[in-house]
Chemist: 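Before I ask anything, let me first share the structure, which is written out below as structure tokens.
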Amino acid sequence: MNHRIAVIDFETTGISPDQGDRATEVAIVLTEGDRVVDRFHSLMNAGVRIPAFITQLTGITNAMVQAAPAAAQVMRDAARFVGDAPMVAHNAAFDRRYWRAELARCGLPAAQPFACTVLLSRRLYPDAPNHKLGTLVDWFDLPRTGAAHRALADAEMAAALLGRIRHDLMLRHGVTSPDHALLCALQACSKTALPKFWQTRATSRAAALASG
DNA sequence: TGCCAGGCCCTCTTTAGGGCCTT
């Protein structure tokens with residue numbers, strides 16, 4: 001049985017929700033094993049202006065978000081879409097902060113554990129030129145599914161990178177179970193980056209493998 | 001207009017500092 005994992009990416013007005021920055025777009029790619037089984041994507045109107053350099057970076061304009069659904073509605077839908085699936089993001093510390101901040105504005109909990117493909121790739125691919133998402137996608141010749149710095153394209157690329165990590169862990173460990181390979185990958189994270197949820201799953205899965 | 005953060009990792013470290021990564 002494969003775990004469902006929600007790979008998320010936010011586009012935002014800046015880098016710090018504590019300083020008033022808000023999300024402008026969210027995309028979530030739901031994976032099961034090697035397959036993408038569902039997608040969620042929406043621009044969102046948080047009622048704030050987008051700095052010019054952000055528009056230059058992402059292509060997301062004030063007019064685009066003004067025509068989008070209210071941020072609260074989008075986040076309620078996103079939370080319903082994710083459910084209790086564990087989440088993965090490229091530089092998860094960033095997306096986790098926005099996930100928690102935007103859901104908190106709606107009065108909703110954000111209990112999902114997060115794992116980080118930056119931390120994983122730093123451990124697994126020390127020879128990579130750097131660990132930016134676009135660099136790793138090019139380095140591994142993974143497909144670019146759209147414009148970089150748009151939420152859906154970045155979430156799809158992060159999901160593809162996660163698939164590559166899973167693949168490499170399977171080869172390195174000689175284990176045919178995708179679950180086990182993924183758990184090994186997550187264990188490659190530092191202890192502080194490895195949520196309790198995964199430690200529990202890893203322990204039970206390892207015990208099941210050991211018992212044959 | 002220009003500025004802002006946080007978590008992780010590495011090392012010339014641990015009583016710290018700097019780089020990376022995200023927008």
Side-chain angles (χ1 to χ4, degrees), chain A residues 6-29 41-62 64-65 68 71 74-75 78 86-105 110 112-140 142 144-162 164-165 185-199:
Chain A
V7 183
I8 189 167
D9 186 78
F10 278 109
E11 303 303 321
T12 73
T13 62
I15 54 175
S16 179
D18 293 338
Q19 302 288 326
D21 290 326
R22 297 294 304 274
T24 58
E25 186 180 42
V26 61
I28 302 158
V29 173
H41 168 238
S42 184
L43 288 160
M44 48 199 279
N45 184 0
V48 294
R49 288 197 64 78
I50 301 175
F53 79 95
I54 292 289
T55 295
Q56 195 168 20
L57 177 70
T58 66
I60 297 172
T61 66
N62 284 297
M64 289 165 68
V65 296
V74 173
M75 291 306 299
M87 304 182 79
V88 169
H90 198 67
N91 196 20
F94 177 86
D95 292 284
R96 182 177 55 210
R97 282 209 312 278
Y98 277 95
W99 180 249
R100 290 176 176 172
E102 293 292 346
L103 287 178
R105 288 176 176 273
Q112 296 85 352
F114 270 76
C116 177
T117 49
V118 171
L119 298 182
L120 291 167
S121 65
R122 281 179 181 161
R123 293 293 184 97
L124 297 171
Y125 312 122
D127 296 333
N130 61 55
H131 297 89
K132 296 177 181 177
L133 180 58
T135 300
L136 291 168
V137 165
D138 290 341
W139 202 53
F140 289 123
L142 299 172
R144 284 183 175 267
T145 54
H149 296 298
R150 287 301 300 267
L152 185 56
D154 283 2
E156 299 261 17
M157 289 191 290
L161 175 60
L162 182 66
R164 170 70 194 217
I165 288 169
L186 290 160
Q187 283 177 305
C189 285
S190 68
K191 287 182 180 177
T192 53
L194 183 63
K196 201 168 186 177
F197 176 90
W198 291 105
Q199 293 175 337

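Atom set for the values below is all heavy atoms of this structure, side chains included, hydrogens, waters and symmetry mates excluded. Convention: sequence-line order gives letters A, B, ...; per-chain numbering from 1.
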Chemist: Strictly below 4.0 Å, N to O, side chains only: are A:Arg150 and A:Glu11 in salt-bridge contact?
Modeler: no
Chemist: So, A:Thr117 versus A:His90: side-chain donor-acceptor pair below 3.5 Å or not?
Modeler: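 The criterion, which ignores hydrogens and geometry beyond distance, is satisfied for A:His90 and A:Thr117.
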Chemist: Without decimals, in angstroms, what is the distance between A:Leu119 CG and B:dT22 P?
Modeler: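 That distance rounds to 12 Å.
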Chemist: A:Asn91 side chain: which of B:dT23, B:dG7, B:dC21 is closest?
Modeler: B:dC21
Chemist: Strictly under 6.0 Å, is that where the ring centroids of A:Phe140 and A:Tyr125 end up?
Modeler: yes
Chemist: Could you tell me whether A:Asp9 contacts a base, only the sugar-phosphate backbone, or nothing, with contacts defined as non-hydrogen atoms closer than 4.0 Å?
Modeler: sugar-phosphate
Chemist: What integer number of Å spans the P atoms of B:dG2 and B:dT23?
Modeler: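 Taking atom P in both B:dG2 and B:dT23, they lie 22 Å apart.
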Chemist: Roughly how many Å is it from CZ in A:Arg22 to P in B:dT23, rounded to a whole number?
Modeler: 18 Å
Chemist: Rounded to whole Å, please give me the gap between CG in A:Asn130 and P in B:dC10.
Modeler: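 Those two atoms, CG and P, are 16 Å apart.
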Chemist: Report the distance from atom CD of A:Glu11 to atom P of B:dC21, rounded to the nearest whole Å.
Modeler: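 Value for this atom pair: 17 Å.
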Chemist: I want to confirm an ordering. Mapping A:Thr58 and A:Ser16 to their closest nucleotides on DNA chain B, which one lands closer to the 5' end?
Modeler: A:Ser16
Chemist: OP1 or OP2 of B:dC21 less than 4.0 angstrom from a side-chain nitrogen or oxygen of A:His90, does that happen here?
Modeler: no
Chemist: Write down the distance between CD (A:Gln19) and P (B:dG6), rounded to a whole number of angstrom.
Modeler: 7 Å
Chemist: Among side-chain atoms of A:Asp21 and A:Ser16, is any donor-acceptor pair under 3.5 angstrom?
Modeler: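 A:Ser16 and A:Asp21 do not have a side-chain donor-acceptor pair below 3.5 Å.
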Chemist: Between A:His131 and A:Asp21, who's closer to the 5' end of DNA chain B by nearest nucleotide?
Modeler: A:Asp21
Chemist: Contact between A:Met87 and A:Trp99 at the side-chain level, heavy atoms closer than 4.5 Å - yes or no?
Modeler: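 Yes, side chains in contact.
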Chemist: Between B:dG6 and B:dT1, how far apart are the two P atoms, rounded to whole Å?
Modeler: 26 Å
Chemist: Starting from C1' on B:dG7, measure out to CH2 on A:Trp99 and report it in whole angstrom.
Modeler: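 Atom-to-atom, A:Trp99 to B:dG7, this comes out as 20 Å.
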Chemist: How would you label the contact of A:Tyr98 with the nucleic acid (heavy atoms, under 4.0 Å): base, sugar-phosphate, or nothing?
Modeler: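 No contact.
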Chemist: Using atom P of each nucleotide, how far apart are B:dC12 and B:dG19 to the nearest Å?
Modeler: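 One P to the other, the span is 14 Å.
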Chemist: Taking the side chain of A:Asp18 as heavy atoms from C-beta outward, which of B:dG7, B:dT23, B:dG6 is closest to it?
Modeler: B:dG6
Chemist: Nearest of B:dG6, B:dT23, B:dC21 to any side-chain atom of A:Lys132?
Modeler: B:dC21
Chemist: What is the distance, rounded to the nearest whole Å, between atom CZ of A:Arg96 and atom P of B:dT22?
Modeler: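 Between P of B:dT22 and CZ of A:Arg96: 15 Å.
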Chemist: Could you check whether atom CZ of A:Arg144 has more than 12 heavy atoms from other residues, nucleotides or ligands sitting under 6.0 Å from it?
Modeler: yes
Chemist: Distance between the C1' atoms of B:dC4 and B:dC10, in whole angstroms?
Modeler: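 One C1' to the other, the span is 26 Å.
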Chemist: Starting from P on B:dC21, measure out to CD1 on A:Ile8 and report it in whole angstrom.
Modeler: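 So the two atoms are 21 Å apart, to the nearest Å.
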Chemist: Between B:dT13 and B:dG18, how many Å separate the two P atoms, rounded to a whole number?
Modeler: 13 Å
